[in-house]
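Take a look at the structure below.
Quick note on labels: first sequence line is chain A, next is B, and so on, each numbered from 1.
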Amino acid sequence: MSQTATMSGAPASAPVPEAGPRGPKPKPFFTPKRIIIYTTLVFFSLYFLFPLYIMVVTSMKTMPEIRFGNIFALPSALNFDAWGRAWTSACTGLTCNGLSPGFWNSVKITIPSTIVSIFIAAVNGYALVNWRFKGSEIFFSILIFGSFIPYQVMLYPLVMITREMGIFGTLPAVILIHTIFGMPILTLLFRNYFASLPQELFKAARVDGAGFWRIFFEIMLPMSLPIFVVALILQVTGIWNDFLFGVVFAGTQNLPMTVQLNNIVNSAQGTPEYNVNMAATVLTGLVPLIIYFVSGKLFVRGVAAGAVKG
Amino acid sequence: MQPSVSIKDLSLNFGSVKVLEHLNLDIAQGEFIVLLGPSGCGKSTLLNCIAGLLDVSDGQIFINGKNVTWEEPKDRGIGMVFQSYALYPQMSVEKNLSFGLRVAGMKRAEIDQRVKRAAEILQIEPLLQRKPANLSGGQRQRVAIGRALVRDVDVFLFDEPLSNLDAKLRSDLRVEIKRLHARLKNTMIYVTHDQIEALTLADRIAIMKNGVIQQLADPHTIYNKPVNLYVAGFIGSPSMNFINGTLDGEIFTAEDGTRIPVGAYEFGGARTGAAKAVLGVRPEHIFIGEAAEGMPFKADAEIEIVEPMGSETLAWTKVAGIPVTFRCSSDIPLAAGDKVVVGFDIARGSLFDAESESRL
């Protein structure tokens, strides 16, 4: 206490530290709180990972090994035969070409559906926020209301509409249906995101003389990467995992992977080949899984930026 | 001479809410006009109407004699600077400046020349290749001004351009805007809620309240001869002292019976008989000590609180039972509890009708 404070701060004249706590408070790793948190986290991750583990392990076993009954055991040898069969020669209904045609069908459905639906929704959201027109709020309400109507209610009318349009049972039909059903949630997403951008930016661009499309492409789009990633993930996973619209609208030539997976697994003929079924299932789920792994971080950021701020 | 901007009978409603009502305003060529008022008074709305960013409900807007009421913003010959800068975040400063020119399809050489000139005027040449995110607030606002500058417009619109800056930068940029106006001699319409900005920058100030211009005059008149109670109370910090009472001839009687002779006051209009009135005196027109001697009204007062501001001192006291603030030199030693004589300079005060609230 007798020390006088000096501005020079030379170490030699620094006050002698007294005994007792000093600096940051030590934080022990094993506190009750942490133990509870980590136990819970580990438990739930195991809970969710276990089915995946069983699927992957079973897909690498041979049928005799599976019949042995120990489903948790590791395979005796790494054996990808079942994966190959699932991809190229498993029977999906009458044909026995494996899942690969279904994979390419799903690609043909997913890519155009995703692009078209996201583009239209982005323009919708942009127009709803920045180019308010008479009745724009009502239009938006109706659009949102659409997302509360169960699909099954609209299924039959849509079948009739696509039939009248002459596209029932073709790729354009299923792409159109996916675009329509993606519209409410995607428009909401984009509208909220564009509403969170400063309005003055839009005004400045208008004073600078830019029009509807110029502002959209040169000002708004470059700022919207996070929300595009969110929309991309939502659409790719949603459309890839879709079964109902694929089986109804795509036609027998274009059945998506999910439908063919169902045909493999639910095959009534012969003995069920569990290893092939498991391999086919993992293969089908691979695309959404990869999308999540690649863009998970951007996804979280985009959701925080766009969907939460109203 | 033809007015630069002329607003005739302008009204704007949002649904049933009347934001602007039958507003008329003529702005001369090269004039710096400040729209001043509290938030929600319609000043930014008026600016957006002039810019063409809002559709008006009724009335007309002329810029350089041309009726632009239905014109697009880009065709009005205006440049606008926003409070949040509104720089395009993914473009470099140079691209930000040239965006409007590129949209207009101008030739490359002409664009380069204009950007160079604007950058030179605003001293942002070293920043041209940077992105807005890498600029400080002051630099961003300069770029925003530059964006209006390159378009070579007749009228500059400023929407609270300094409100996002800290106090030091604000006063620096304030001077720079004034310098810019002296150099370019463009018409400038400037919206703010900061009365210091208004008083320092404006050729004329339009004080707005509820979508109506209360007074349109030069800063000196606004400050010294406010037309009504609202303007008197809005302008000046600390605000004017108001004493309620009755005016009969040249004697103003406060509510507690204190008689204040107001013979020195210059009445504007016709005088009526005894009527309720409000006497307003600015804090710097109340004196103590020797200076109070010659004043038409003197009173004994006790100092309640002293606020030293460095260059001057603010003191709080009570006269005629009403709290009164006055300003004095910081050289005069004052402390709470001191007994002083205060003198009111009635000639520089203001008298308002208590009913109509307008100046007498």
Contacting moiety of D75(B), where chain A heavy atoms sit under 4.5 Å: neither
Give, as side chain, backbone, both or neither, the part of R214(A) having an atom under 4.5 angstrom from any heavy atom of chain B. side chain
Under 6.0 Å from the CZ atom of F243(A), do we count more than 12 heavy atoms belonging to anything else shown? yes
Donor-acceptor under 3.5 Å (R147(B) side chain, A204(A) main chain): no
Residue selection (most heavy-atom pairs with chain A, distance under 4.5 Å) from P89(B), A148(B), A144(B): P89(B)
Proximity breakdown for L87(B) and chain A, heavy-atom pairs closer than 4.5 Å: backbone
Hey, which residues of residues 101-111 of chain B are touching chain A, say heavy atoms under 4.5 Å apart? R102(B), V103(B)
Heavy atoms only: give me the nearest V207(A)-G79(B) pair and the separation to one decimal. CG1-CA, 4.4 Å
Check this for me: Q60(B), atom CD, are more than 12 non-hydrogen atoms of other residues, nucleotides or ligands nearer than 6.0 Å? yes
Within a 6.0 Å radius of atom NZ on K18(B), are there more than 12 heavy atoms belonging to other residues, nucleotides or ligands? no
Report, as yes or no, whether the 6.0 Å neighbourhood of atom CG on L41(A) holds more than 12 heavy atoms from other residues, nucleotides or ligands. yes
Starting from the C-alpha separation in whole Å, work towards a yes-or-no answer on side-chain contact (heavy atoms from CB on, under 4.5 Å) for Q90(B) and E218(A). CA-CA 9 Å; Q90(B) 72 284 359; E218(A) 287 196 36; 5.7 Å; no
For K95(B), does the NZ atom sit with more than 12 other heavy atoms under 6.0 Å from it, leaving out its own atoms? yes
Give me each pair satisfying ring pair (Phe, Tyr, Trp, His ring centres under 6.0 Å) with a member in residues 114-134 of chain B, each pair once, sequence neighbours excluded. none
Should we count CZ of R34(A) as having more than 12 external heavy atoms under 6.0 Å? yes
So does D55(B) have more than 12 non-hydrogen atoms from other groups sitting under 6.0 Å from CG? no
Is it true that, when you exclude F293(A) itself, more than 12 heavy atoms of the residues, nucleotides or ligands shown sit nearer than 6.0 Å to its CZ? no
d(L53(B) CG, E200(A) CD) to nearest 0.5 Å is 10.0 Å
Apply side-chain contact (heavy atoms from CB on, under 4.5 Å) to the pair D159(B) and K203(A), showing each step before the final yes or no. CA-CA 12 Å; D159(B) 192 359; K203(A) 288 184 179 178; 5.6 Å; no
Can you see which heavy atom on L201(A) is nearest to which on Y88(B), and at what distance? O-CE2, 4.0 Å
Between R76(B), K74(B), Q83(B), M80(B), which has the largest tally of heavy atom pairs under 4.5 Å with chain A? K74(B)
